[in-house]
Asker: 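Provided herewith is a single structure, encoded as structure tokens, for subsequent inquiry.
Reminder, nothing fancy here: chain letters follow the sequence lines and each chain counts from 1. What's counted below: heavy atoms across the whole structure, side chains too, no hydrogens, waters or symmetry copies.
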Number of protein chains: 2
Amino acid sequence: MPETPAPATVPEKIRLNDLVCFAVYSANNAFNRFYKPIMAELGLTYPQFLVLMALWEEDGQGVGQLGERLGLESNTLTPLLKRMETAGVIERRRDRADERRVAVQLTPSGRDLEARAGALLACVPQATGMTTDELVELRTAVERLRDNLACARDGD
Amino acid sequence: MPETPAPATVPEKIRLNDLVCFAVYSANNAFNRFYKPIMAELGLTYPQFLVLMALWEEDGQGVGQLGERLGLESNTLTPLLKRMETAGVIERRRDRADERRVAVQLTPSGRDLEARAGALLACVPQATGMTTDELVELRTAVERLRDNLACARDGD
DNA sequence: CCCAATTATATCGTGCGCGATTTAATCGTG
DNA sequence: CACGATTAAATCGCGCACGATATAATTGGG
């Protein structure tokens, strides 16, 4: 007879490296580190760059729309947008028709960064060490994971 | 003849949703949000939980070893570990043989959390909406991405 | 028309994550 | 043994991310 009785379900120690969440966590940190010097060249941070991308797709979005696009709320976006305004890449202006809303507009300087960003980010696919097809598949899977987690948190 | 001459490489507007980095970024945020109430039940934050997992695998690790395991440095870990010490789940003590080093030891309270954590995290695979096989494949791909980015940043 | 409910942003406090620097202990070479 | 170089951790400042709350504008019944 073994000293320790076998439990109904083997508890099987969970290890850090078995967790998808840790892989995502550490990959996100790795992306941040990789992007930092590139973004510094543009005078931006990585989250600020994501905001700019959203604005290059559609200028003049409100804080709420940007938040929906990026998965962030005003408590994160407001100070971030203020820093971007100070940096001179966007302008924030109250909507005349509805003074609660704040529209975020690119400045010429903010628009100009789009071309520069394209060149600076060209090195990224190479750095991932993955093929275009692999990247598309990976992205799709990560998006599915993200969306499932988000809706599991709300209404299941 | 087309109005706009075709450039050598088509600049093809990059959209937010095409970026793997944004998928990883937003998935990491989603994980954080999903884990927050679970971790609160344990009196922990998500990064603190990751530290505990590393210690459950091997107790008494130094700050540097923990950092290597988690991909963090002392500037992040030191204050985090101090909060965990205040919370009573670990103890930090200077190594007698080498006074530069600080060993991190689980307290009984910190050890006890392992069993509770297992039960609380049982809901996670379900929430991802992915099969076990899909999760393994996804984790492997994300780890590869992370490791490639990290070594591209250093010596290529 | 008024006022409670709703909506949009902003504010505040806390905990990361990290670049830059500091402090302190150990090592290595003479 | 001395002393500069190296190593380990800690400190500092900044920018997210977010829960909780506040402020201000609009909406909708009665």
Asker: Pick the closest DNA chain D nucleotide for A/L72 and for A/A97 by heavy atoms, then say which residue is nearer the 5' end.
Answerer: A/L72
Asker: Any chance you could lay out the side-chain contact (heavy atoms from CB on, under 4.5 Å) test for A/D133 and A/E137, step after step, and finish with the verdict?
Answerer: CA-CA 6 Å; A/D133 287 351; A/E137 189 185 340; over 6 Å; no
Asker: Need one value for A/N29: base, sugar-phosphate or nothing, where a base atom within 4.0 Å counts as base even if backbone is also close, heavy atoms only.
Answerer: sugar-phosphate
Asker: Find which nucleotide of DNA chain C each of A/R33 and A/R101 is nearest to by heavy atoms, and output the residue with the more 5' nucleotide.
Answerer: A/R101
Asker: What residues, two or more places apart in sequence or in another chain, satisfy side chain to side chain donor-acceptor pair (under 3.5 Å) together with B/E91?
Answerer: B/R93
Asker: Starting at atom CD of B/E73, determine the distance to atom P of D/dA9, rounded to an integer number of angstrom.
Answerer: 12 Å
Asker: List the residues meeting salt bridge (charged side-chain N to carboxylate O under 4.0 Å, His left out) with A/E85, not counting sequence neighbours, and say none if there are none.
Answerer: A/R92
Asker: Please enumerate all residues that pass ring-ring contact (aromatic ring centres under 6.0 Å, His included) together with A/Y46, with sequence neighbours excluded.
Answerer: A/Y35, B/Y25
Asker: Just grab all the salt bridge (charged side-chain N to carboxylate O under 4.0 Å, His left out) pairs involving residues 112-121 of chain A, residues at least two apart or on different chains.
Answerer: A/E114-B/K13
Asker: Under the criterion side-chain contact (heavy atoms from CB on, under 4.5 Å), I'd like the reasoning laid out for B/V102 against B/D95: C-alpha separation, chi angles, the key distance, then a yes or no.
Answerer: CA-CA 6 Å; B/V102 169; B/D95 185 340; over 6 Å; no
Asker: Which residue pairs pass the side-chain hydrogen bond (donor to acceptor under 3.5 Å, both in side chains) test when at least one of the two sits in residues 98-110 of chain A, sequence neighbours left out?
Answerer: A/D98-A/R100
Asker: Using whole Å, what does the distance between atom P of nucleotide D/dC18 and atom CG of A/L70 come to?
Answerer: 11 Å
Asker: Name all residues meeting the salt bridge (charged side-chain N to carboxylate O under 4.0 Å, His left out) criterion together with A/D59; count only those two or more places apart in sequence or in a different chain, and write none if there are none.
Answerer: A/R111
Asker: Hey, does A/L138 have a side-chain heavy atom less than 4.5 Å from the side chain of B/V142?
Answerer: yes
Asker: Judged by atom type as modelled, is there a donor-acceptor pair below 3.5 Å linking the side chain of B/S26 to the main-chain atoms of B/A23?
Answerer: yes
Asker: Could you check whether B/E99 gets within reach of a base, just the sugar-phosphate, or nothing at all, counting any heavy atom under 4.0 Å?
Answerer: sugar-phosphate
Asker: Which parts of residues 74-85 of chain B get close to DNA chain D, meaning a heavy atom less than 4.0 angstrom away?
Answerer: B/S74, B/N75, B/T78, B/K82
Asker: If you take all heavy atoms of A/N17 and B/R139, which pair is closest and at what distance?
Answerer: O-NH1, 3.1 Å
Asker: Going 5' to 3' on DNA chain C, which nucleotide is the first and which the last to come under 4.0 Å of a heavy atom in chain B?
Answerer: C/dG15 to C/dT26
Asker: Which value, rounded to the nearest 0.5 Å, describes the distance between A/K36 atom NZ and A/L44 atom CG?
Answerer: 12.5 Å
Asker: Quick one: which protein N/O atoms are closer than 3.5 Å to N/O atoms of nucleotides 1-7 of chain D? Pair and distance per line, please.
Answerer:
{"from": "D/dT7", "atom 1": "O2", "to": "B/R100", "atom 2": "NH1", "distance (Å)": "3.1"}

Asker: Under 4.0 angstrom, heavy atoms only, what part of the nucleic acid is B/A103 near: base, sugar-phosphate, or nothing?
Answerer: nothing
Asker: For DNA chain C, determine which residues of residues 34-68 of chain B have any heavy atom closer than 4.0 angstrom to one of its atoms, and list them numerically.
Answerer: B/T45, B/P47, B/Q48
Asker: Is the side chain of B/N28 donor-acceptor paired with the backbone N or O of B/V24 at a distance under 3.5 Å, no angle test?
Answerer: no
Asker: Go through the structure and list residues passing salt bridge (charged side-chain N to carboxylate O under 4.0 Å, His left out) with A/E57, not counting sequence neighbours.
Answerer: A/R69, B/R15
Asker: When you look at CD of B/E134, are more than 12 heavy atoms from neighbouring residues, nucleotides or ligands closer to it than 6.0 Å?
Answerer: yes
Asker: Quick check on contacts: within residues 88-95 of chain B, what sits under 4.0 Å from DNA chain D by heavy-atom distance?
Answerer: B/R92, B/R94
Asker: Are more than 12 heavy atoms from other residues, nucleotides or ligands located less than 6.0 Å from atom CD of A/E143?
Answerer: yes
